*Asks:* 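What follows is a single structure, and I will ask about it in a moment.
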Number of protein chains: 2
Amino acid sequence: MLSKRTKYGLKALTYLAKKGKNTPVLISEIATEENISKKFLEAILLQLKRNGFLASKMGKGGGYYLIKDPEEVTIASVYRILEGPIAMLPCVSLNYYEKCDDCKSEEECTLHKVMIEVRDNTLKVYENSTLIDLI
Amino acid sequence: MLSKRTKYGLKALTYLAKKGKNTPVLISEIATEENISKKFLEAILLQLKRNGFLASKMGKGGGYYLIKDPEEVTIASVYRILEGPIAMLPCVSLNYYEKCDDCKSEEECTLHKVMIEVRDNTLKVYENSTLIDLI
DNA sequence: AAATATTCTACTTATTCTATAGACTAATAG
DNA sequence: CTATTAGTCTATAGAATAAGTAGAATATTT
């Protein structure tokens, strides 16, 4: 299941994409409109800012705004920042690969093949949908 | 990502399937062979027993054994017991449906459609693979 | 310069989940 | 009866989740 962090993050990005690139929107506006705890959202937006999706402006007339083209922002890229690996096992992750400590080898691991199949299917969806599709 | 609970559960079921239906195997044997903490595995097997996948025999010559045909046990059914919903959001889950508290309506939810697509893709894989495929 | 609006930072809290460990109880086979 | 094995119950350390509180820093307007 998606964490609320990722869910809220995607919703906020979609909201900002609707408003258009480079148009500052208040955290509190997004929080109210999308029913998100303001403080929690603040942390999420900050994380998206640090990772190059958003920028912000302080003071009156400030807020957060999208600095990428909505059609360039895939769900996959947001997911990896906010949620982590898309794969179901570390040993089948493309971006966060790690060896499983309980498996003797990946060839012997009975789950390996199925989980690669799941990953590929999921990835296809996440890589091919962008903020444009979510609007 | 899969919890270790689910991963270990699937591995244990596969191990038992290899040994054949109705052949008792020691918890400790599975734990050693699959590099799983024995106590943790105990809890997992118990859960699978309560849900009708396994049965157990106490005393000498005892152990856990499969009581379903391996080709009947889909990954999806095990996943739902040990991990929970397969869907990424409560509101797109078939077996664990719940309304999202932050969404006004499911039609307006920008994530709904994509997450249904992900669910359907994942489900196709999980429903169509059984213990037989894992062996 | 002061007032106001807004994000930024740090600290704290409550709750749940994860992955175990230990001790004791109950059943079964020989 | 005894050895073997699962069952039950309790505890726990650590991490993650989803916030809440307080105030500092920065920008704009007056």
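Not measured: the values here are computed from a predicted model. Below, chain A is the first sequence line, B the second, and so on; all start at residue 1.
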*Asks:* Measure from NZ on B:Lys7 to C1' on C:dT18 and round the result to the nearest Å.
*Replies:*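 That distance rounds to 14 Å.
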*Asks:* Report yes if at least one side-chain N or O of A:Arg50 is closer than 4.0 Å to OP1 or OP2 of C:dT7; otherwise report no.
*Replies:* no
*Asks:* Of all the nucleotides listed (C:dA21, C:dT7, C:dT9), which has the minimum atom distance to the side chain of A:Ser56?
*Replies:*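 Given the options C:dA21, C:dT7, C:dT9, the side chain of A:Ser56 is closest to C:dT7.
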*Asks:* Could you check whether any side-chain N or O of B:Thr122 sits under 3.5 Å from a backbone N or O of B:Val118, counting only pairs where one atom can act as donor and the other as acceptor?
*Replies:* yes
*Asks:* Indicate whether the side chain of B:Ser3 and that of B:Glu83 have a donor and an acceptor atom separated by less than 3.5 Å.
*Replies:* yes
*Asks:* In whole angstrom, what separates A:Phe40's CZ from C:dT15's P?
*Replies:* 17 Å
*Asks:* Are A:Leu66 and A:Leu131 close enough, and set up right, to give a side-chain contact (heavy atoms from CB on, under 4.5 Å), and what steps lead you there?
*Replies:* CA-CA 11 Å; A:Leu66 198 62; A:Leu131 293 184; 4.2 Å; yes
*Asks:* Does A:Tyr8 have any ring-ring contact (aromatic ring centres under 6.0 Å, His included) partners at least two apart in sequence or in another chain, and if so, which?
*Replies:*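 Per chain and number, A:Tyr8 pairs via ring-ring contact (aromatic ring centres under 6.0 Å, His included) with A:Phe40.
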*Asks:* CD1 of B:Ile44 versus P of C:dC17: gap in Å, rounded?
*Replies:*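 Answer to the nearest Å: 16 Å.
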*Asks:* Taking the nucleotide of DNA chain D with the closest heavy atom to each, which residue, A:Lys57 or A:Glu42, is nearer the 5' end?
*Replies:* A:Glu42
*Asks:* Can you tell me how far P of C:dT6 sits from NZ of A:Lys39, to the nearest Å?
*Replies:* 15 Å
*Asks:* Of the listed nucleotides (C:dA29, C:dT7, C:dT18), which one gets closest to any side-chain atom of B:Ser3?
*Replies:* C:dT18
*Asks:* Taking NZ, NE, NH1 and NH2 as the nitrogens, is one of them in A:Asp102 or B:Lys11 under 4.0 Å from a carboxylate oxygen of the other?
*Replies:*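 Judged by the 4.0 Å cut-off on N to carboxylate O distance, A:Asp102 and B:Lys11 do form a salt bridge.
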*Asks:* Using a 4.0 Å heavy-atom cut-off, does A:Leu45 contact any base of the nucleic acid, only the sugar-phosphate backbone, or nothing at all?
*Replies:* nothing
*Asks:* Using 4.0 Å as the upper bound for N to carboxylate O, is an ion pair formed by B:Glu33 and B:Lys18?
*Replies:*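 No, B:Lys18 and B:Glu33 are not salt-bridged.
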*Asks:* Within this structure, what is the CE-to-C1' distance between B:Met58 and C:dA29, rounded to whole angstrom?
*Replies:*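 Rounded to the whole Å, the gap is 14 Å.
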*Asks:* Tell me whether the count of non-hydrogen atoms from other residues, nucleotides or ligands lying under 6.0 Å of NZ in A:Lys113 goes above 12.
*Replies:*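 For A:Lys113, atom NZ is not crowded (no more than 12 foreign heavy atoms under 6.0 Å).
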*Asks:* Tell me what B:Lys49 touches on the nucleic acid: a base, only sugar-phosphate, or nothing, going by heavy atoms under 4.0 Å.
*Replies:* sugar-phosphate
*Asks:* Output the rounded distance in Å from CD1 (A:Ile27) to P (C:dA5).
*Replies:* 16 Å
*Asks:* Could you tell me how far apart A:Tyr65 (OH) and C:dT6 (C1') are, to the nearest whole angstrom?
*Replies:* 14 Å
*Asks:* First contact, last contact: which nucleotides of DNA chain D are these for chain A, 5' to 3', heavy-atom distance under 4.0 Å?
*Replies:* D:dA18 to D:dT29
*Asks:* Looking at B:Glu127 and B:Arg80, does any basic side-chain N land under 4.0 Å from a carboxylate oxygen?
*Replies:* yes
*Asks:* Whole angstrom is fine here: how far is it from CG in A:Leu54 over to P in C:dC8?
*Replies:* 10 Å
*Asks:* Near DNA chain D, under 4.0 Å by heavy atom, which residues of residues 95-103 of chain B?
*Replies:* none
*Asks:* Do other residues, nucleotides or ligands put more than 12 heavy atoms under 6.0 Å from the NZ atom of B:Lys104?
*Replies:*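 Enclosed: over 12 neighbouring heavy atoms sit under 6.0 Å from NZ of B:Lys104.
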